[in-house]
Amino acid sequence: MSIRTKIIAIVLPLLIAGLVIGGISASSLARNAVTRVIVRFMNFKTDQLSQYMDGQWRILVENDMSGRTDMVQAAQAGIETYARGLLLSDSELVFALDSSGNVVMATGAVNLTDAEKRPLLAPVIPGDRSLANLSIGGVPRVVSRFAFAPFGWTVFTTEVRSAFYSDVSRITWQTIILIVGSCVVAVVLLFLFVRHLIGPLSRTAGTMRQIITSNDLSARVQVDYRDEIGEMSQTFNVMVGELEKAYDRIKGFALQAVVSQKKESKIRHIFQKYVPQELIDKLFANPESMLVGENRVLSILFSDIRSFTTISEGMKPDVLVAALNRYFSVMVDIIMGRGGIIDKYIGDAIMAFFGAPVQHEDDALQSVYAGLEMQEGLETFNKAQRDLGEPEFHIGVGINYGEVTVGNIGTERKMDYTVIGDMVNVASRLEGLTKRYHQPLLITEMLKDKVDGAVASRTVDSVAVKGRRGGIRIYAVRREPSEKEEKAFRLHNESMDLYYARKFVEAAKGFHKVDKLLPDDFLAGMYVERCERMAADPPPEGWDGVEIMETK
């Protein structure tokens with residue numbers, strides 16, 4: 001709601017209410033004054049007639065003629081004549097009723113209906129001089145009455161109501177016309193006043209909208225009055241002037257910021273080819289952390305193309321580079337799509353990690369999904385290789401999970417954001433074991449515990465890799481195994497438990513069942529041969545099932 005509407009909504013009802021109250025008061029005063037005159041007038045006539053009738057009755061009584069009918073009738077005729085003499089207009093009417101409601105005296109024609117008689121026959125309270133508004137002969141009249149016991153009459157002095165109140169009605173209508181006219185004039189004057197008062201505010205608001213729409217801070221408000229509104233307009237102009245100066249400074253800063261942002265974007269674009277995007281974001285936010293390392297638990301992935309030397313010998317250099325670029329493009333998209341960071345390329349091998357510089361709750365699971373999808377992506381890549389008449393690639397992927405040191409390692413002249421530690425070496429050795437166990441993907445027990453339930457797994461072996469004391473169990477995984485694979489995995493794991501419990505004969509039976517479910521399964525065949533050998537020549541006491549791996 002605008003200020004103009006609010007002012008009118010407040011002031012206009014006050015003006016109209018004042019005029020209406022004044023008009024009602026004037027009309028009420030006029031009606032009350034007329035009513036008082038009527039009461040005096042009618043009571044005067046009633047008193048005069050009552051006194052005259054009392055005088056006539058006393059004459060009859062004093063002359064001992066109250067019992068003579070002719071003399072009583074003569075007195076009644078004299079009363080009627082006297083009543084006629086009291087009349088000042090043709091509209092006045094004096095009449096009397098007996099106890100039965102019959103008209104026994106009247107100064108004019110009286111035609112009463114039964115409905116009109118009932119209020120007229122109501123008992124008269126002695127001394128009551130109040131007036132009544134009654135209908136007589138269908139005409140509204142003002143009535144004053146009194147009872148005259150000697151004759152058994154109720155005498156009525158009346159006058160047509162309009163004879164008294166016509167002027168009051170005229171005054172009322174004139175008052176209404178005056179109120180309506182005054183309201184119209186008040187509304188017009190109020191609108192002119194509000195327009196005069198609100199005009200500068202409207203112009204100020206219009207200038208504000210113009211500035212917002214056009215961003216032109218040179219616009220100013222015209223100062224019309226030397227009052228509070230004029231002071232507000234002047235203050236607005238000063239404020240806009242200061243904003244214009246500030247805006248010019250901001251534009252300068254904005255230009256500098258755009259130039260800096262373009263430089264930063266160019267730097268980011270260049271370094272994204274060498275450094276992970278999340279690392280760039282972190283370093284821009286906190287440059288002081290560039291040379292600070294930290295220990296963190298994360299997943300480390302190694303992948304390698306099997307027999308790459310043999311493949312490369314049969315391909316031209318340019319064809320080999322093109323094939324490698326296509327291969328790396330597929331693999332890198334998968335790894336980065338799962339939130340992984342490409343640490344480095346080691347010839348044809350890829351080293352990546354999950355969980356740094358930004359850590360997520362599902363980094364372990366995402367690393368396993370990445371390894372599985374790399375196998376699926378390899379199938380698509382090999383189809384393209386076949387279409388081009390070029391050799392297919394086969395890869396092994398090893399993924400470990402554990403604590404490593406992560407950070408920018410190197411010097412101010414050359415550094416890499418990388419991970420180091422024993423867990424990295426285990427992941428590298430694990431990738432090498434994929435060839436020994438004929439499995440495309442192997443994970444360690446630490447990682448298997450993190451993803452158990454999300455993927456299906458089976459125990460591959462317990463191994464002690466080069467450079468590490470003690471054995472670790474390694475596992476093969478499937479994301480969505482078939483019903484037959486799921487059953488085979490369960491039988492395989494049960495048989496592995498028997499194997500580690502030195503129950504080699506029972507374990508061999510279980511692995512035979514796995515081989516029937518998964519024909520030509522390398523692991524099943526390997527453990528059948530191993531169980532039969534150990535059943536014939538049991539291992540020494542203290543055997544823990546760990547295979548010692550001296551080479552990668």
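Because the structure is a prediction, the values reported are computed rather than measured.
Residues Lys448 and Thr459 are not in side-chain contact: their nearest non-hydrogen atoms beyond the backbone lie 4.5 Å or more apart. Residues Phe354 and Ile341 form no side-chain contact, since every pair of their non-hydrogen atoms from C-beta on lies 4.5 Å or further apart. No side-chain heavy atom of Thr444 sits under 4.5 Å from any side-chain heavy atom of Ile399. Contact annotation: the side chain of Ile305 approaches that of Leu324 to within less than 4.5 Å [non-hydrogen atoms, C-beta and beyond]. Looking at Lys450 and Met446, their side chains never come closer than 4.5 Å, going by heavy atoms from C-beta outward. Side-chain contact between Tyr345 and Val332: present, with at least one pair of heavy atoms (C-beta onward) separated by less than 4.5 Å. Looking only at side-chain heavy atoms (C-beta outward), Met496 and Arg473 stay at 4.5 Å or farther from each other. Contact check for Asp416 versus Ile409: no side-chain heavy atoms found under the 4.5 Å cut-off.
Closest approach of Ile420 and Val404 over heavy atoms only: O-CB, 3.5 Å. Of all heavy-atom pairs between Leu498 and Ala507, the closest is CB-CB, 3.9 Å. Summarising the geometry of Lys487 relative to Leu517, their closest heavy-atom pair is CG-CD1, 3.9 Å, with the distance given to 0.1 Å. In plain terms, the two heavy atoms of Tyr401 and Met423 that are nearest each other are O-SD, 4.2 Å. For the pair Leu378 and Met331, the tightest heavy-atom approach, listed with the atom from each and the gap, is N-CE, 3.8 Å. For the pair Val477 and Ser457, the tightest heavy-atom approach, listed with the atom from each and the gap, is CG1-CB, 3.9 Å.
The ring pair (Phe, Tyr, Trp, His ring centres under 6.0 Å) test applied to Tyr369 returns no partner, not counting sequence neighbours. Applying the salt bridge (Lys or Arg N to Asp or Glu O under 4.0 Å) rule to Arg326 yields the partners Glu390; only residues at least two apart in sequence or on another chain are considered. Remark: Asp362 engages Gln366 in a side chain to side chain donor-acceptor pair (under 3.5 Å) (not counting sequence neighbours). By the salt bridge (Lys or Arg N to Asp or Glu O under 4.0 Å) test, Glu445 is found to be paired with no residue, residues two or more places apart in sequence or in another chain being considered. Residues satisfying the side-chain contact (heavy atoms from CB on, under 4.5 Å) test with Gln375, not counting sequence neighbours, are Ile395, Val397, Pro440. In terms of the side chain to side chain donor-acceptor pair (under 3.5 Å) criterion, Asp318 has no residue partners (sequence neighbours excluded). With sequence neighbours excluded, no residue forms a ring pair (Phe, Tyr, Trp, His ring centres under 6.0 Å) with His512. Checked against ring pair (Phe, Tyr, Trp, His ring centres under 6.0 Å), Tyr437 has no partners two or more places apart in sequence or in another chain. Residues passing the salt bridge (Lys or Arg N to Asp or Glu O under 4.0 Å) test with Arg306, sequence neighbours excluded: none.
Asn408 CG to Tyr417 OH: the interatomic distance, rounded to the nearest 0.5 Å, is 7.0 Å. Annotation: the span from Ile443 atom CD1 to Ile472 atom CD1 amounts to 11.0 Å, rounded to 0.5 Å. Leu491 CG to Glu486 CD: the interatomic distance, rounded to the nearest 0.5 Å, is 11.5 Å. Between atom CG of residue Asn400 and atom OG of residue Ser428 there is a gap of 11.0 Å, rounded to the nearest 0.5 Å. Distance CE/Met351 to OG/Ser303: 11.5 Å, rounded to 0.5 Å. Note that CD1 of Ile334 is 10.5 Å distant from CG of Leu372, once rounded to the nearest 0.5 Å.
No donor-acceptor pair closer than 3.5 Å links the side chain of Asp348 to the backbone N or O of Ser307. Checking side-chain atoms of Gln385 against main-chain N and O of Pro391 turns up a donor-acceptor pair under 3.5 Å.
For the pair Arg296 and Phe353, the cation does not sit on the ring face, since its NZ or CZ is not both under 6.0 Å from the ring centre and inside 45° of the axis.
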Exercise. For Gln359 and Leu298, run side-chain contact (heavy atoms from CB on, under 4.5 Å): C-alpha distance rounded to whole Å, both residues' side-chain angles, the deciding distance at 0.1 Å, then the answer.
Key: CA-CA 8 Å; Gln359 198 163 20; Leu298 43 74; 5.7 Å; no

Practice problem: Give the C-alpha distance, both sets of side-chain angles, the deciding distance and a yes or no for side-chain contact (heavy atoms from CB on, under 4.5 Å) between Met374 and Ile335. | Solution: CA-CA 8 Å; Met374 289 171 72; Ile335 292 171; 4.1 Å; yes

Exercise. Evaluate side-chain contact (heavy atoms from CB on, under 4.5 Å) for Leu433 paired with Arg429, printing each intermediate quantity in order.
Key: CA-CA 6 Å; Leu433 293 177; Arg429 300 286 187 267; 5.6 Å; no

Quiz item: Does the side-chain contact (heavy atoms from CB on, under 4.5 Å) test come out yes or no for Glu494 and Arg490, once each step is laid out?
Solution: CA-CA 6 Å; Glu494 292 172 355; Arg490 185 172 62 254; 3.7 Å; yes

Please tabulate, one pair per line, all N/O donor-acceptor pairs under 3.5 Å involving side-chain atoms of residues 526-540, not counting sequence neighbours.
| unit_1 | atom_1 | unit_2 | atom_2 | d |
| --- | --- | --- | --- | --- |
| Tyr527 | OH | Val460 | O | 2.5 |
| Tyr527 | OH | Asp461 | OD1 | 3.2 |
| Glu529 | OE2 | Arg533 | NE | 3.4 |
| Arg530 | NH1 | Asp461 | OD1 | 3.4 |
| Arg530 | NH1 | Asp461 | OD2 | 3.3 |
| Arg530 | NH1 | Tyr499 | OH | 3.3 |
| Arg530 | NH2 | Asp461 | OD2 | 3.3 |

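Applying the ring pair (Phe, Tyr, Trp, His ring centres under 6.0 Å) test to every pair with at least one member in residues 293-324, sequence neighbours left out, gives no pairs at all. Residue pairs satisfying the salt bridge (charged side-chain N to carboxylate O under 4.0 Å, His left out) criterion with at least one member in residues 517-526, sequence neighbours excluded, are listed as follows: Arg458-Asp521.
A donor-acceptor contact closer than 3.5 angstrom is absent between the side chains of Asp363 and Ser299.
Within 6.0 Å of NZ on Lys383 lie no more than 12 heavy atoms contributed by other residues, nucleotides or ligands.
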